[in-house]
Engineer: 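Structure in structure tokens, see below.
Sequence positions, counted from 1, serve as the residue numbers for this chain. Both counts, for ligands and for their atoms, begin at 1 and track the order of listing. From a predicted model like this one, the values you see are computed outputs, not experimental measurements. The basis for the numbers below is simple: all heavy atoms, side chains too, and nothing from hydrogens, waters or symmetry mates.
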Amino acid sequence: MPVQTHTFEYSLFETLEELSPSFQSLMQEAVLARANAYAPYSNFSVGAAVLLDNGVIVRGNNQENAAYPSGLCAERVAIFYASAQYPGVPIKAIAVTANTHLDPSETPASPCGNCRQTLAEYQQKQSTSIPIIFMGASGKIVCCNSVLDLLPFAFSAKFLK
Ligand code: THU
């Protein structure tokens, strides 16, 4: 059987201070965004910060709804806002942080499947990879070089042709 393997490299940092200055400040923006999450149902606050090629940082956070599926994740709030306000401006990186209100976790919280698919769309639209960095409330930070690393065999526009 012709078994294939798929691997990818990522970095794991112990503290924010180990990150490059630009990733450090991007994660700090995500932490600020997290504080404004509207998460009364899950008590799970997520913050995202998107760094654009023009230097602008767009913040987003999860927005919940009494009709649960009507809410939206932090990553998509941020990236949709970025695309709506700055169409065509390449995305340089995204940082994500999550915090449970009752029991803050130090386990890096990786984006959900819907957000991975959404992030993949924007990377495929531009010619450069979008690095993604994520952490829990605090603690270790995972840095991936490309959002597509988190979504092998991603569905994309090429299948629609
Ligand atoms: N959430 C995010 O904001 N991003 C993710 O990638 C996963 C989940 C939000 C959605 C919901 O408001 C809460 O976290 C619990 O699922």
Engineer: Quick one: closest heavy-atom pair of M27 and I141, and the distance?
Structural biologist: CE-CG2, 4.1 Å
Engineer: Do Y10 and I94 land in one hydrophobic cluster if side-chain heavy atoms of ILVMFWY residues count as linked below 4.5 Å?
Structural biologist: yes
Engineer: Which heavy atom of V58 sits nearest to which heavy atom of L52, and what is that distance?
Structural biologist: CG2-CD1, 4.1 Å
Engineer: Would L72 and V147 show up in the same hydrophobic cluster when neighbours are defined by side-chain heavy atoms closer than 4.5 Å?
Structural biologist: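 Same cluster.
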Engineer: List, for ligand 1, each N/O atom that has a protein N/O partner under 3.5 Å away, with both atom names and the distance.
Structural biologist:
from     : atom 1 : to   : atom 2 : distance (Å)
ligand 1 : 3 (O)  : A74  : N      : 2.9
ligand 1 : 4 (N)  : E75  : OE1    : 2.8
ligand 1 : 6 (O)  : E75  : OE1    : 3.4
ligand 1 : 6 (O)  : E75  : OE2    : 2.8
ligand 1 : 6 (O)  : C112 : N      : 2.9
ligand 1 : 12 (O) : N62  : ND2    : 2.9
ligand 1 : 12 (O) : E64  : OE2    : 2.5

Engineer: Parallel, tilted or perpendicular, judged at 30° and 60°: which one describes the rings of H6 and F8?
Structural biologist: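 Rings of H6 and F8: tilted, 30 to 60°.
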Engineer: Would you check, one step at a time, whether the test side chain to side chain contact (heavy atoms under 4.5 Å, CB included) holds for S110 with V142?
Structural biologist: CA-CA 9 Å; S110 59; V142 174; over 6 Å; no
